[in-house]
Amino acid sequence: MNFKLLLFFLFFLHLQTLFAQPLDFQRNRNITVQNQSHSLQYAWAGGLNTPQFSAMDFDGDGIEDLFIFDKTSNKILTFINKGTPNQQDYVYTPEYAFQFPPLQDWVLLKDYNLDGVKDIFTYSIAGAGVSVYRGKRTSTSSLVFELASERLLYQGANGPSNVLVTRIDIPAIVDVTGDGDMDILTFDAFGTRVEHYENQSQELTGTPDDTLWFERVSQCWGGFSEDTNTNLVFLNDEDCSGKSASSTANVHTGSTILAFDLENDNDQDLLIGDLSSSNLVLLINGGTAQNALMTDQDTDFPSNDHEIDIFVFPAAYSIDVNNDGLQDILTAPNEAKSKSSNQIWAYFNQGTAENPLFERQTENFLTEDMIDVGEGAYPAFVDYNADGLMDFMIGNKGDFDTKNQVYVDARLTLFENVGTPEIPTFEWVSDDYFNMSEHHLLGLYPAFGDVDGDGDEDMIAGDEAGRLHYFENTAAPNEALQLELHTFELLTLVPDDYSVVPFLVDIDGDEKMDLLVGTAKGRIFHFRNFTTPESETPLFSMESQRWGDVSVRSFNFSRGSAAPVVTTLDDTGKQYLIVQSEGGNLSLFEGLEKDTFDLVTDNYSFINEGGRGGLAVADLDGDRQKDLLVGNRRGGVALYSQSLVWNNIEENPVNTEILVFPNPCASRCEIYFKGWGDFSAIKLPIFALYNIEGKQVRGQKDVDYSNNSLSIDVEDLPQGIYFFEVITENSRKVGKLLVN
């Protein structure tokens, strides 16, 4: 048998056996979501709470793209900048986030060695300081980062000392003196003075090379001080003696710094945010780059327009958002307990580099194009209007009460499926469906199912106090849901668990919906449904407080935050348990008929959206493959769909993944192989591309290979679904791509 026939045979063998396998999920960005006829461009990006912004060229095209690190869940989001002049033109491309190492608390991207690739400055992996990862670009233009310094040091009075930056602060990483290397400006331990740590690369080597050694050249940079407990600033205070107008003891609370040359006069001005304040204070440098002295301030920045008001602890970032060559200002909260909307403000520079004029464009930068319900997102699929199409709702933790600084009045957001059985399209309907906020719950985490056996979908909702509430559907047959609170505190779990996430499924095959409840401790409770038509209220009996001996709490987190779903993943009818954890990983279990379930993987499909959110699963387009909604603490959801991925000949390669970008693609598709290693070292892979009818349309000669990716020209192919197969000497995978 020749090799092409062998590939053809293997391909159809895969199609025949495909649905007998527990298939992986891959990200799906192809389903449209609209809000009042406005298409949400970044619907499935996952929301933002405490974003930190940097610019970096991800794809090597010379245009700086957008890097976002969200402190709330240490989540990285990446957006390609298409570079359209005078326009904000970003495309959500999460593939690039895989190239960054795990990061925490604060992140700034700066090119400290001037090699054309941004490096990473972040909170130290050793604690209370700064770690640096050196960025490089491979021969295939991929980004790689290697640890350059675990903790930055300076020459102190008694030898090497730590450059102190706390986890709640954001320092400025900038060339302060204009000598070509990156220095650090950060508030001192008392939060009243700015210290200047000068990079000694130029002094030691004469170039801004990879040397990362600092000297603390000033403990009162800029000649100003800040009050201990407010953002009151004392100017022209060259020895910082007036550092506090308060009698309260000096206790550092938290500060953010943006250093930028506002007036284009070759020195650094500052925008300062404070944990105790909602505004940013602009300090004008009336000195020089070598001898900074803050001589003027704007406490209502920008005083020419709507002043910044971010409730608490704002931070500012300077980026050319609209591709006009001028630096704009983005502001966002640096504190997780903040308002859920109108918190990410964008100011475009409508003036010049020498005379900037910042005007507010939006209070919901990027999030106005995302599904974002605030704090926490717990999705659930349900056909709410009985039209045969699957809709979804998202419960949240609640709205943030800025006066009392607590979350209150949790609600449901409804998205209706207005598409077709084959092509789903979702439309926002309400952000407080059935006025759920009137029940004043702290957390509303929904599960739908026929609880009372009357043939329609009821709702059980968990909350942050460990309680479960029963909402009965009182609608007539084939009518839209009518949810009425039937039983407040239907069940209350043990007090030390709190935060409960329910899921309804028939576990024992008696055609009654049993109840699974994920808890804050990472366990799953199992309640059996004993409700009868005569029951006045649903009757559940505790079967297990640790169903399947499952626990998804890890030593890295104080909580487990288990969010379970039970589903089939193939055509065998076999049920699997998927659980999201506090850390965001998905754990996959099988053997649900046993007392102790079998853990298949604790990193299912490499999905991690940030944790403390829910899961929902359904077949949205009738293709016999499941679609998975993954909620997260940032208030957003990501959509994943099962893909034609078939692992292993003998043993599944450890930590491997196929990424197709872009998908759909119009001219050229790039297929990346994460974790497979260098193909040239293991033998070039064998490749074939088939159309939906099984005809091979591309082969070995049509592909350009690199060390971990391949590139296919599809420009002359008709629109549609195509399948590819890649075979190495001991492994093979099948994937799906779309051509438009």
Side-chain angles (χ1 to χ4, degrees), residues 25 27-48 92 340-341 364 366-399 410-437 443-449 457-459 461 471 473 475 479-483 501 503 563 565 580 609 613-622 626-641:
F25 285 87
R27 190 181 292 274
N28 185 341
R29 284 164 284 162
N30 302 320
I31 294 180
T32 301
V33 181
Q34 301 178 141
N35 187 341
Q36 299 177 343
S37 300
H38 169 65
S39 182
L40 301 184
Q41 185 178 359
Y42 317 121
W44 309 112
L48 297 172
Y92 179 51
S340 300
S341 61
N364 291 288
L366 297 184
T367 57
E368 57 200 355
D369 279 308
M370 294 179 181
I371 296 174
D372 191 333
V373 299
E375 179 74 10
Y378 292 81
F381 284 115
V382 61
D383 181 6
Y384 96 99
N385 55 356
D387 65 353
L389 301 177
M390 195 61 71
D391 316 295
F392 69 91
M393 299 189 194
I394 306 175
N396 71 354
K397 185 175 180 179
D399 287 342
R411 57 188 63 202
L412 285 178
T413 299
L414 169 63
F415 290 87
E416 178 184 349
N417 189 343
V418 296
T420 67
E422 294 79 24
I423 306 176
T425 299
F426 292 101
E427 176 84 38
W428 173 88
V429 175
S430 170
D431 61 3
D432 191 12
Y433 181 64
F434 259 91
N435 299 315
M436 286 292 167
S437 63
L444 198 161
Y445 310 141
F448 290 94
E457 300 286 299
D458 308 299
M459 182 177 80
F471 292 80
N473 182 5
E479 295 292 332
L481 287 175
Q482 294 288 327
L483 296 176
V501 183
F503 183 76
V565 295
Q580 180 170 209
E609 291 298 320
L615 300 175
V617 64
D619 178 3
L620 293 177
D621 53 8
K626 293 294 169 44
D627 304 288
L628 179 68
L629 278 180
V630 183
N632 63 65
R633 184 180 174 185
R634 304 185 315 279
V637 292
L639 177 64
Y640 291 83
S641 298

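These figures come from a predicted structure and were not determined experimentally. Computation of the quantities below employed the complete heavy-atom set of this structure, encompassing side-chain atoms and omitting hydrogens, waters and symmetry-equivalent molecules.
Here the shortest heavy-atom pairing between K626 and V617 reads CB-CG2, 3.8 Å. Nearest heavy atom pair, residue A380 against residue P446, reads CB-O, 3.8 Å. The two residues A480 and A475 make their nearest non-hydrogen contact at O-CB, 3.0 Å. Of all heavy-atom pairs between G636 and A377, the closest is O-CB, 3.3 Å. Of all the heavy atoms in K397 and A410, the pair that sits closest is O-CB, 3.7 Å. The shortest heavy-atom contact between Q580 and G631 is NE2-O, 3.2 Å.
By the 4.5 Å heavy-atom criterion applied to side chains, P379 and F381 are not counted as neighbours. The closest side-chain heavy-atom distance from T413 to M393 is not below 4.5 Å. Side-chain contact check for V637 versus V630: every heavy-atom pair is 4.5 Å or farther apart. At least one side-chain heavy atom of E427 sits less than 4.5 Å from a side-chain heavy atom of V418. Contact check for T367 versus S341: no side-chain heavy atoms found under the 4.5 Å cut-off. Taking the side chain as every heavy atom from C-beta outward, L615 and L629 never approach each other to under 4.5 Å. The shortest side-chain heavy-atom distance between D627 and D621 falls under the 4.5 Å cut-off. Contact check for L414 versus Y384: side-chain heavy atoms found under the 4.5 Å cut-off.
Remark: aromatic rings of Y378 and Y445 are close, center separation under 6.0 Å. Taking the six-membered ring for Trp, Y92 and Y42 have ring centres at least 6.0 Å apart.
For the pair D619 (side chain) and G622 (backbone), a donor-acceptor distance under 3.5 Å is present. The closest donor-acceptor contact from the side chain of N396 to the backbone of G635 lies at 3.5 Å or more, if one exists at all. Although no hydrogens or angles enter the test, the distance criterion places a donor-acceptor pair under 3.5 Å between the side chain of D383 and the main chain of D387. Distance alone, capped at 3.5 Å, places no donor-acceptor pair between the N632 side chain and the G613 backbone. No side-chain donor-acceptor contact under 3.5 Å links R634 to the backbone of G376. No donor-acceptor pair under 3.5 Å is formed between the side chain of W428 and the backbone N or O of I371. Within the 3.5 Å criterion, the main-chain N or O of Y640 finds no donor-acceptor partner in the side chain of N28.
Ring geometry for F426 against F392 counts as perpendicular: the plane angle is over 60°, on a 0 to 90° scale with 30° as the lower cut.
Remark: L620 CG to S641 OG distance equals 7.0 Å, nearest 0.5 Å. Between the CG atom of L628 and the CZ atom of R27 there is a distance of 11.0 Å, given to the nearest 0.5 Å. If you take OG1 on T420 and CG on L389, they are separated by 7.5 Å, rounding to the nearest 0.5 Å. We find the CD-CE distance between Q41 and M370 to be 10.0 Å, quoted to the nearest 0.5 Å. Distance check: F434 CZ to L412 CG gives 10.5 Å after rounding to the nearest 0.5 Å. Expressed to the nearest 0.5 Å, how far CD of E457 lies from CG of L481 amounts to 7.5 Å.
Judged by distance alone, the side chains of N385 and E416 do bring a donor and an acceptor atom under 3.5 Å apart.
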| field | Check against side-chain contact (heavy atoms from CB on, under 4.5 Å), M436 and M459 | value | CA-CA 12 Å; M436 286 292 167; M459 182 177 80; 3.7 Å; yes

| message | Would N473 and Q482 count as a side-chain contact (heavy atoms from CB on, under 4.5 Å) here? Give the steps. | response | CA-CA 5 Å; N473 182 5; Q482 294 288 327; 4.3 Å; yes

| query | So S39 and T32, side-chain contact (heavy atoms from CB on, under 4.5 Å) or not? Walk me through it. | reply | CA-CA 7 Å; S39 182; T32 301; 3.9 Å; yes

| query | Could you go step by step and tell me if D391 and F415 meet the side-chain contact (heavy atoms from CB on, under 4.5 Å) rule? | reply | CA-CA 6 Å; D391 316 295; F415 290 87; over 6 Å; no

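Judged as a side chain to side chain contact (heavy atoms under 4.5 Å, CB included), and not counting sequence neighbours, the contacts of N435 are D432, E438.
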